[in-house]
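Data block below; observations after.
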Amino acid sequence: MRTSLRLGLMAMAAMLGGSDLASAQAPKIKLGYAKCAHCLPMSLIPGMAKGVEVEATGFNSGNDVLTALVSKSIDVAQVTYLHYITALDKGFDVVAVSGQINGGSECLSSAKLNLPAEDWATFKTTVAKAKSDGQPLKVAASRGNAQDIHMRGAFLKQGVDPNKDIQFINIPNPSDHLAALQRGEVDMICSVEPFASQIRLAGAGKHFVLPYEQAAGNLTNLIVTRSDVIAGQRAGVQGVVSAVVELDNKLIADKAPWVEVINKLTGLDKNVATEALKNASPDPAIHRSQTLAIAAMMRDLKYISKDVSAEAAKNMDYSFLEQATGKAKNDLGY
(Lines give C-alpha, C1' and ligand atoms only; values in the text may rest on other atoms or scores of the structure.)
Protein backbone atom coordinates (compact mmCIF):
# COMPACT_ATOMS: atom_id res chain seq x y z
CA MET A 1 0.00 0.00 0.00
CA ARG A 2 2.86 2.34 0.91
CA THR A 3 4.53 1.56 -2.40
CA SER A 4 1.33 2.29 -4.30
CA LEU A 5 0.83 5.55 -2.40
CA ARG A 6 4.42 6.58 -3.05
CA LEU A 7 4.07 5.82 -6.75
CA GLY A 8 0.79 7.70 -6.87
CA LEU A 9 2.32 10.78 -5.24
CA MET A 10 5.30 10.59 -7.60
CA ALA A 11 2.96 10.40 -10.59
CA MET A 12 0.96 13.36 -9.32
CA ALA A 13 4.13 15.37 -8.76
CA ALA A 14 5.27 14.53 -12.27
CA MET A 15 1.92 15.64 -13.67
CA LEU A 16 2.04 18.91 -11.73
CA GLY A 17 5.63 19.48 -12.72
CA GLY A 18 4.77 18.84 -16.35
CA SER A 19 1.86 21.26 -16.10
CA ASP A 20 4.08 23.95 -14.59
CA LEU A 21 6.66 23.33 -17.30
CA ALA A 22 4.05 23.59 -20.04
CA SER A 23 2.78 26.82 -18.50
CA ALA A 24 6.29 28.20 -18.27
CA GLN A 25 6.95 27.33 -21.89
CA ALA A 26 3.68 28.79 -23.27
CA PRO A 27 4.46 31.90 -25.31
CA LYS A 28 3.44 35.18 -23.73
CA ILE A 29 2.21 38.03 -25.89
CA LYS A 30 1.42 41.59 -24.85
CA LEU A 31 -1.44 42.86 -27.00
CA GLY A 32 -2.61 46.46 -27.38
CA TYR A 33 -5.88 47.77 -28.79
CA ALA A 34 -7.72 51.09 -29.03
CA LYS A 35 -10.95 52.00 -27.23
CA CYS A 36 -13.49 52.06 -30.04
CA ALA A 37 -16.47 49.88 -30.97
CA HIS A 38 -14.65 47.84 -33.60
CA CYS A 39 -11.48 47.64 -31.49
CA LEU A 40 -12.90 46.60 -28.11
CA PRO A 41 -13.60 42.96 -29.09
CA MET A 42 -9.81 42.54 -28.94
CA SER A 43 -10.23 42.51 -25.16
CA LEU A 44 -11.79 39.05 -25.59
CA ILE A 45 -8.68 37.58 -27.25
CA PRO A 46 -6.96 36.48 -23.98
CA GLY A 47 -9.88 34.18 -23.21
CA MET A 48 -9.96 32.73 -26.71
CA ALA A 49 -6.29 32.32 -27.63
CA LYS A 50 -5.02 28.74 -27.51
CA GLY A 51 -1.44 27.79 -26.67
CA VAL A 52 -0.49 31.37 -25.84
CA GLU A 53 -0.84 33.56 -22.78
CA VAL A 54 -2.13 36.97 -23.91
CA GLU A 55 -2.08 40.14 -21.81
CA ALA A 56 -4.38 42.72 -23.43
CA THR A 57 -4.27 46.46 -22.74
CA GLY A 58 -6.65 49.14 -24.00
CA PHE A 59 -5.31 52.52 -25.15
CA ASN A 60 -7.17 55.78 -25.84
CA SER A 61 -6.28 55.80 -29.54
CA GLY A 62 -4.57 53.89 -32.32
CA ASN A 63 -1.69 56.39 -32.18
CA ASP A 64 -1.01 55.36 -28.58
CA VAL A 65 -1.11 51.67 -29.53
CA LEU A 66 1.37 52.19 -32.37
CA THR A 67 3.71 54.10 -30.05
CA ALA A 68 3.60 51.20 -27.59
CA LEU A 69 4.41 48.70 -30.34
CA VAL A 70 7.40 50.54 -31.83
CA SER A 71 8.78 51.26 -28.34
CA LYS A 72 8.52 47.50 -27.63
CA SER A 73 6.11 47.93 -24.71
CA ILE A 74 3.75 45.49 -26.46
CA ASP A 75 4.29 42.71 -29.00
CA VAL A 76 1.16 42.78 -31.15
CA ALA A 77 -1.05 45.78 -31.89
CA GLN A 78 -4.51 46.44 -33.25
CA VAL A 79 -4.09 49.68 -35.19
CA THR A 80 -5.41 50.79 -38.60
CA TYR A 81 -4.28 50.55 -42.20
CA LEU A 82 -3.46 54.25 -41.91
CA HIS A 83 -1.19 53.74 -38.91
CA TYR A 84 0.55 50.96 -40.83
CA ILE A 85 1.36 53.31 -43.72
CA THR A 86 2.39 56.12 -41.35
CA ALA A 87 4.71 53.77 -39.47
CA LEU A 88 6.40 52.64 -42.68
CA ASP A 89 6.84 56.26 -43.74
CA LYS A 90 8.69 56.89 -40.47
CA GLY A 91 10.90 53.84 -40.97
CA PHE A 92 9.40 51.78 -38.16
CA ASP A 93 9.57 47.98 -38.16
CA VAL A 94 5.94 46.88 -38.53
CA VAL A 95 4.51 43.77 -40.17
CA ALA A 96 0.81 43.29 -40.96
CA VAL A 97 -0.41 39.81 -39.99
CA SER A 98 -4.22 40.06 -40.03
CA GLY A 99 -7.21 42.28 -40.57
CA GLN A 100 -9.83 42.55 -37.83
CA ILE A 101 -12.92 44.79 -38.21
CA ASN A 102 -13.66 47.52 -40.76
CA GLY A 103 -16.00 50.52 -40.74
CA GLY A 104 -16.71 52.68 -37.71
CA SER A 105 -16.28 56.15 -39.27
CA GLU A 106 -18.98 58.83 -39.50
CA CYS A 107 -18.94 62.56 -40.24
CA LEU A 108 -21.48 64.49 -38.16
CA SER A 109 -22.42 68.17 -38.48
CA SER A 110 -23.52 70.60 -35.80
CA ALA A 111 -27.17 71.64 -35.71
CA LYS A 112 -26.26 75.28 -36.43
CA LEU A 113 -24.70 74.24 -39.74
CA ASN A 114 -28.11 72.98 -40.91
CA LEU A 115 -26.45 70.65 -43.40
CA PRO A 116 -28.61 68.02 -45.14
CA ALA A 117 -27.32 64.45 -44.95
CA GLU A 118 -25.30 63.22 -47.94
CA ASP A 119 -25.50 66.69 -49.57
CA TRP A 120 -21.98 67.34 -50.81
CA ALA A 121 -23.08 70.27 -53.01
CA THR A 122 -24.43 72.22 -50.03
CA PHE A 123 -21.37 71.28 -48.00
CA LYS A 124 -19.00 72.61 -50.68
CA THR A 125 -20.99 75.84 -50.96
CA THR A 126 -20.89 76.24 -47.16
CA VAL A 127 -17.13 75.58 -47.08
CA ALA A 128 -16.46 78.11 -49.85
CA LYS A 129 -18.57 80.85 -48.21
CA ALA A 130 -17.02 80.31 -44.78
CA LYS A 131 -13.54 80.48 -46.30
CA SER A 132 -14.31 83.67 -48.25
CA ASP A 133 -15.70 85.23 -45.06
CA GLY A 134 -12.40 84.55 -43.35
CA GLN A 135 -13.97 82.08 -40.94
CA PRO A 136 -13.31 78.60 -42.40
CA LEU A 137 -15.37 75.71 -41.14
CA LYS A 138 -13.90 74.01 -38.09
CA VAL A 139 -13.74 70.27 -38.77
CA ALA A 140 -12.46 67.94 -36.05
CA ALA A 141 -11.14 64.40 -35.83
CA SER A 142 -8.46 62.52 -33.92
CA ARG A 143 -5.41 63.21 -36.06
CA GLY A 144 -3.76 60.08 -37.41
CA ASN A 145 -6.73 57.80 -36.82
CA ALA A 146 -8.65 56.10 -39.60
CA GLN A 147 -11.52 58.56 -39.30
CA ASP A 148 -9.18 61.48 -39.95
CA ILE A 149 -7.85 59.93 -43.16
CA HIS A 150 -11.29 58.72 -44.29
CA MET A 151 -12.57 62.27 -43.87
CA ARG A 152 -9.62 63.89 -45.64
CA GLY A 153 -9.80 61.48 -48.56
CA ALA A 154 -13.55 61.92 -48.96
CA PHE A 155 -13.23 65.73 -48.83
CA LEU A 156 -10.42 65.75 -51.38
CA LYS A 157 -12.42 63.57 -53.77
CA GLN A 158 -15.21 66.16 -53.61
CA GLY A 159 -12.81 69.01 -54.38
CA VAL A 160 -12.43 70.27 -50.81
CA ASP A 161 -8.78 70.56 -49.76
CA PRO A 162 -8.61 69.62 -46.06
CA ASN A 163 -5.27 71.44 -45.75
CA LYS A 164 -6.49 74.74 -47.23
CA ASP A 165 -10.27 75.03 -47.32
CA ILE A 166 -11.16 74.18 -43.72
CA GLN A 167 -9.67 74.65 -40.26
CA PHE A 168 -8.76 71.24 -38.88
CA ILE A 169 -9.17 70.76 -35.13
CA ASN A 170 -7.34 67.85 -33.52
CA ILE A 171 -9.19 66.21 -30.61
CA PRO A 172 -6.95 63.25 -29.70
CA ASN A 173 -9.38 61.34 -27.46
CA PRO A 174 -12.58 60.35 -29.34
CA SER A 175 -14.54 60.33 -26.08
CA ASP A 176 -14.17 64.14 -26.08
CA HIS A 177 -15.88 64.56 -29.47
CA LEU A 178 -19.40 64.81 -28.05
CA ALA A 179 -18.53 67.68 -25.71
CA ALA A 180 -16.75 69.61 -28.49
CA LEU A 181 -19.90 69.56 -30.63
CA GLN A 182 -22.15 70.36 -27.67
CA ARG A 183 -20.05 73.40 -26.76
CA GLY A 184 -20.08 74.63 -30.37
CA GLU A 185 -16.29 74.44 -30.66
CA VAL A 186 -16.48 72.71 -34.05
CA ASP A 187 -18.87 72.71 -37.01
CA MET A 188 -18.30 69.09 -38.01
CA ILE A 189 -16.56 66.09 -36.59
CA CYS A 190 -15.49 62.78 -38.08
CA SER A 191 -15.71 60.40 -35.17
CA VAL A 192 -15.35 56.70 -34.48
CA GLU A 193 -17.98 54.31 -33.19
CA PRO A 194 -19.45 54.04 -30.59
CA PHE A 195 -18.84 57.74 -30.00
CA ALA A 196 -20.39 58.70 -33.36
CA SER A 197 -23.64 56.96 -32.40
CA GLN A 198 -23.46 58.54 -28.94
CA ILE A 199 -23.26 61.99 -30.59
CA ARG A 200 -26.17 61.26 -32.91
CA LEU A 201 -28.46 59.71 -30.29
CA ALA A 202 -27.72 62.56 -27.86
CA GLY A 203 -28.76 65.11 -30.51
CA ALA A 204 -25.37 66.81 -30.40
CA GLY A 205 -24.69 66.22 -34.10
CA LYS A 206 -26.46 65.13 -37.27
CA HIS A 207 -25.36 62.44 -39.70
CA PHE A 208 -23.64 63.87 -42.77
CA VAL A 209 -21.81 60.98 -44.46
CA LEU A 210 -20.00 57.73 -43.91
CA PRO A 211 -16.71 58.87 -45.48
CA TYR A 212 -15.93 55.72 -47.42
CA GLU A 213 -15.84 57.15 -50.94
CA GLN A 214 -12.04 57.33 -51.13
CA ALA A 215 -9.12 54.95 -51.65
CA ALA A 216 -9.37 53.37 -48.20
CA GLY A 217 -13.04 52.51 -48.60
CA ASN A 218 -14.23 51.31 -45.20
CA LEU A 219 -10.94 49.58 -44.33
CA THR A 220 -10.06 50.32 -40.74
CA ASN A 221 -8.40 47.84 -38.42
CA LEU A 222 -5.21 45.88 -38.95
CA ILE A 223 -3.25 43.59 -36.64
CA VAL A 224 0.48 44.33 -36.78
CA THR A 225 3.62 43.21 -35.01
CA ARG A 226 7.39 43.60 -35.42
CA SER A 227 9.83 41.35 -37.26
CA ASP A 228 11.71 40.55 -34.04
CA VAL A 229 8.48 39.29 -32.45
CA ILE A 230 7.80 37.05 -35.46
CA ALA A 231 11.35 35.68 -35.26
CA GLY A 232 11.27 35.07 -31.51
CA GLN A 233 7.62 34.35 -30.75
CA ARG A 234 6.06 33.00 -33.92
CA ALA A 235 3.79 30.58 -32.05
CA GLY A 236 2.51 33.44 -29.91
CA VAL A 237 1.69 35.60 -32.94
CA GLN A 238 -0.06 32.61 -34.54
CA GLY A 239 -2.14 32.14 -31.41
CA VAL A 240 -3.31 35.75 -31.55
CA VAL A 241 -4.14 35.67 -35.27
CA SER A 242 -6.02 32.39 -34.94
CA ALA A 243 -8.03 33.88 -32.08
CA VAL A 244 -8.83 36.99 -34.15
CA VAL A 245 -10.17 34.82 -36.97
CA GLU A 246 -12.26 32.79 -34.54
CA LEU A 247 -13.56 35.95 -32.87
CA ASP A 248 -14.52 37.53 -36.19
CA ASN A 249 -16.48 34.43 -37.16
CA LYS A 250 -18.33 34.51 -33.83
CA LEU A 251 -19.16 38.22 -34.12
CA ILE A 252 -20.52 37.73 -37.64
CA ALA A 253 -22.89 35.09 -36.25
CA ASP A 254 -23.84 36.85 -33.01
CA LYS A 255 -23.29 40.52 -32.07
CA ALA A 256 -24.50 40.12 -28.47
CA PRO A 257 -20.98 39.60 -26.99
CA TRP A 258 -19.86 42.65 -28.97
CA VAL A 259 -22.61 44.82 -27.45
CA GLU A 260 -21.73 43.50 -23.99
CA VAL A 261 -18.03 44.33 -24.26
CA ILE A 262 -18.72 47.87 -25.53
CA ASN A 263 -21.13 48.46 -22.65
CA LYS A 264 -18.68 47.01 -20.12
CA LEU A 265 -15.56 48.85 -21.26
CA THR A 266 -17.04 52.25 -22.18
CA GLY A 267 -20.05 52.49 -19.88
CA LEU A 268 -22.15 53.54 -22.87
CA ASP A 269 -25.76 52.39 -23.07
CA LYS A 270 -26.40 49.14 -24.93
CA ASN A 271 -28.66 51.04 -27.33
CA VAL A 272 -25.64 53.13 -28.34
CA ALA A 273 -23.54 49.98 -28.76
CA THR A 274 -26.22 48.31 -30.88
CA GLU A 275 -26.48 51.39 -33.09
CA ALA A 276 -22.69 51.56 -33.46
CA LEU A 277 -22.49 48.02 -34.81
CA LYS A 278 -24.59 48.97 -37.84
CA ASN A 279 -21.36 50.58 -39.08
CA ALA A 280 -18.89 47.74 -38.46
CA SER A 281 -17.85 44.65 -40.44
CA PRO A 282 -15.65 41.83 -39.07
CA ASP A 283 -13.01 40.98 -41.67
CA PRO A 284 -9.66 39.24 -40.94
CA ALA A 285 -8.34 39.62 -44.51
CA ILE A 286 -5.42 41.92 -45.34
CA HIS A 287 -6.46 43.94 -48.40
CA ARG A 288 -3.24 44.43 -50.36
CA SER A 289 -4.36 46.43 -53.42
CA GLN A 290 -6.43 48.84 -51.33
CA THR A 291 -3.53 49.28 -48.93
CA LEU A 292 -1.34 50.43 -51.81
CA ALA A 293 -4.12 52.82 -52.89
CA ILE A 294 -4.27 54.15 -49.32
CA ALA A 295 -0.52 54.78 -49.40
CA ALA A 296 -0.90 56.81 -52.60
CA MET A 297 -3.84 58.78 -51.16
CA MET A 298 -1.94 59.59 -47.97
CA ARG A 299 0.96 60.89 -50.04
CA ASP A 300 -1.44 63.06 -52.08
CA LEU A 301 -2.82 64.43 -48.80
CA LYS A 302 0.77 65.14 -47.68
CA TYR A 303 0.16 62.91 -44.70
CA ILE A 304 3.33 60.98 -45.46
CA SER A 305 6.55 62.22 -47.01
CA LYS A 306 7.38 59.51 -49.52
CA ASP A 307 6.05 56.58 -51.53
CA VAL A 308 5.97 53.52 -49.27
CA SER A 309 4.08 51.20 -51.62
CA ALA A 310 6.98 48.75 -51.92
CA GLU A 311 7.42 48.56 -48.14
CA ALA A 312 3.66 48.20 -47.61
CA ALA A 313 3.50 45.19 -49.94
CA LYS A 314 6.70 43.63 -48.60
CA ASN A 315 5.68 43.88 -44.93
CA MET A 316 2.46 41.88 -45.25
CA ASP A 317 2.85 38.36 -43.87
CA TYR A 318 -0.12 36.20 -44.85
CA SER A 319 1.30 32.97 -43.40
CA PHE A 320 -0.48 33.39 -40.05
CA LEU A 321 -3.86 33.93 -41.71
CA GLU A 322 -3.23 31.00 -44.05
CA GLN A 323 -2.63 28.69 -41.09
CA ALA A 324 -5.58 30.08 -39.12
CA THR A 325 -8.07 29.79 -41.99
CA GLY A 326 -6.72 26.97 -44.16
CA LYS A 327 -7.01 29.32 -47.14
CA ALA A 328 -4.39 30.58 -49.59
CA LYS A 329 -3.33 34.22 -49.44
CA ASN A 330 -5.06 34.95 -52.75
CA ASP A 331 -8.32 34.28 -50.90
CA LEU A 332 -7.30 36.48 -47.99
CA GLY A 333 -6.90 39.85 -49.71
CA TYR A 334 -3.54 39.39 -51.43
Side-chain angles (χ1 to χ4, degrees), residues 22-59 62 65-66 68-69 73-81 83-84 94-104 219-265 273 277 280-287 316-329 331-334:
S23 176
Q25 290 178 340
K28 297 180 180 180
I29 293 290
K30 291 184 178 180
L31 170 69
Y33 61 91
K35 295 177 180 177
C36 60
H38 45 300
C39 312
L40 291 173
M42 293 298 294
S43 65
L44 302 175
I45 293 296
M48 298 181 67
K50 299 177 179 65
V52 55
E53 182 181 330
V54 179
E55 177 187 333
T57 302
F59 293 79
V65 183
L66 180 61
L69 179 70
S73 297
I74 59 175
D75 308 305
V76 177
Q78 169 271 307
V79 289
T80 70
Y81 281 83
H83 289 110
Y84 175 63
V94 290
V95 182
V97 292
S98 173
Q100 189 241 346
I101 293 173
N102 296 321
L219 293 189
T220 308
N221 285 0
L222 197 63
I223 307 301
V224 300
T225 185
R226 301 185 309 273
S227 59
D228 64 291
V229 178
I230 291 176
Q233 301 191 69
R234 186 173 186 87
V237 176
Q238 184 63 62
V240 171
V241 172
S242 295
V244 168
V245 171
E246 181 184 352
L247 177 60
D248 275 4
N249 289 335
K250 287 187 175 181
L251 295 180
I252 290 170
D254 180 14
K255 289 185 168 59
W258 201 346
V259 171
E260 290 290 340
V261 78
I262 292 172
N263 172 251
K264 178 182 177 181
L265 297 182
L277 298 191
S281 306
D283 179 13
I286 304 172
H287 296 276
M316 291 180 177
D317 188 338
Y318 284 83
S319 63
F320 299 98
L321 273 180
E322 288 179 316
Q323 183 171 330
T325 63
K327 298 178 181 179
K329 64 182 181 180
D331 297 319
L332 296 166
Y334 182 77

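When a residue number appears, it is its place in the shown sequence, counting from 1.
- Smallest separation of non-hydrogen atoms from Met316 and Ile286: SD-CG2, 3.8 Å.
- Looking only at side-chain heavy atoms (C-beta outward), Leu332 and Tyr334 stay at 4.5 Å or farther from each other.
- Annotation for Trp258 and Ala37: closest pair NE1-O, 2.8 Å, computed over non-hydrogen atoms.
- The structure places NZ of Lys28 at 4.5 Å from CD of Glu53, a figure rounded to the nearest 0.5 Å.
- Proximity of a side-chain donor or acceptor of Ser242 to a complementary backbone N or O of Ala324 within less than 3.5 Å is not detected.
- In this structure, Asp331 CG and Thr325 OG1 are separated by 8.5 Å, a value rounded to the nearest 0.5 Å.
- A donor-acceptor contact shorter than 3.5 Å is absent between the side chain of Glu55 and the backbone of Lys30.
- Residues Pro284 and Leu321 share a closest heavy-atom pair of O-CD1, 3.2 Å.
- Ring-plane geometry between His287 and Tyr81 is classed as tilted, the angle between the planes lying from 30 to 60 degrees on a 0 to 90 degree scale.
- For the atom pair CE of Met42 and CE of Met48, the computed distance is 10.5 Å after rounding to the nearest 0.5 Å.
- Between the CD1 atom in Ile262 and the CG atom in Leu40 there is a gap of 6.0 Å [rounded to 0.5 Å].
- With Pro41 as the fixed residue, the side-chain contact (heavy atoms from CB on, under 4.5 Å) test singles out one of Leu247, Asp248, Leu265: Leu247.
- A donor-acceptor contact shorter than 3.5 Å links the side chain of Thr220 to the backbone of Gly103.
- The distance from atom CG of Asn102 to atom CG of Leu219, rounded to the nearest 0.5 Å, is 5.0 Å.
- No side-chain donor-acceptor contact under 3.5 Å links Asp283 and Ser281.
- Among all heavy-atom pairs drawn from Gln78 and Cys39, the shortest one is OE1-CB, 3.1 Å.
- The line from CD1 of Ile223 to OH of Tyr33 is 12.5 Å long, rounded to the nearest 0.5 Å.
- Using a 4.5 Å cut-off on side-chain heavy atoms (C-beta onward), Val65 and Ile74 make contact.
- Inter-residue side-chain proximity for Ser319 and Arg234 is flagged as met; some heavy-atom pair is nearer than 4.5 Å.
- In terms of heavy atoms, Leu66 sits closest to Val79 at N-CG1, 4.0 Å.
- Minimum interatomic distance between Val244 and Gln100 (heavy atoms only, all atoms of both residues): CG1-CG, 4.2 Å.
- Residues Leu251 and Ile101 have side chains in contact (heavy-atom distance under 4.5 Å, counting atoms from C-beta outward).
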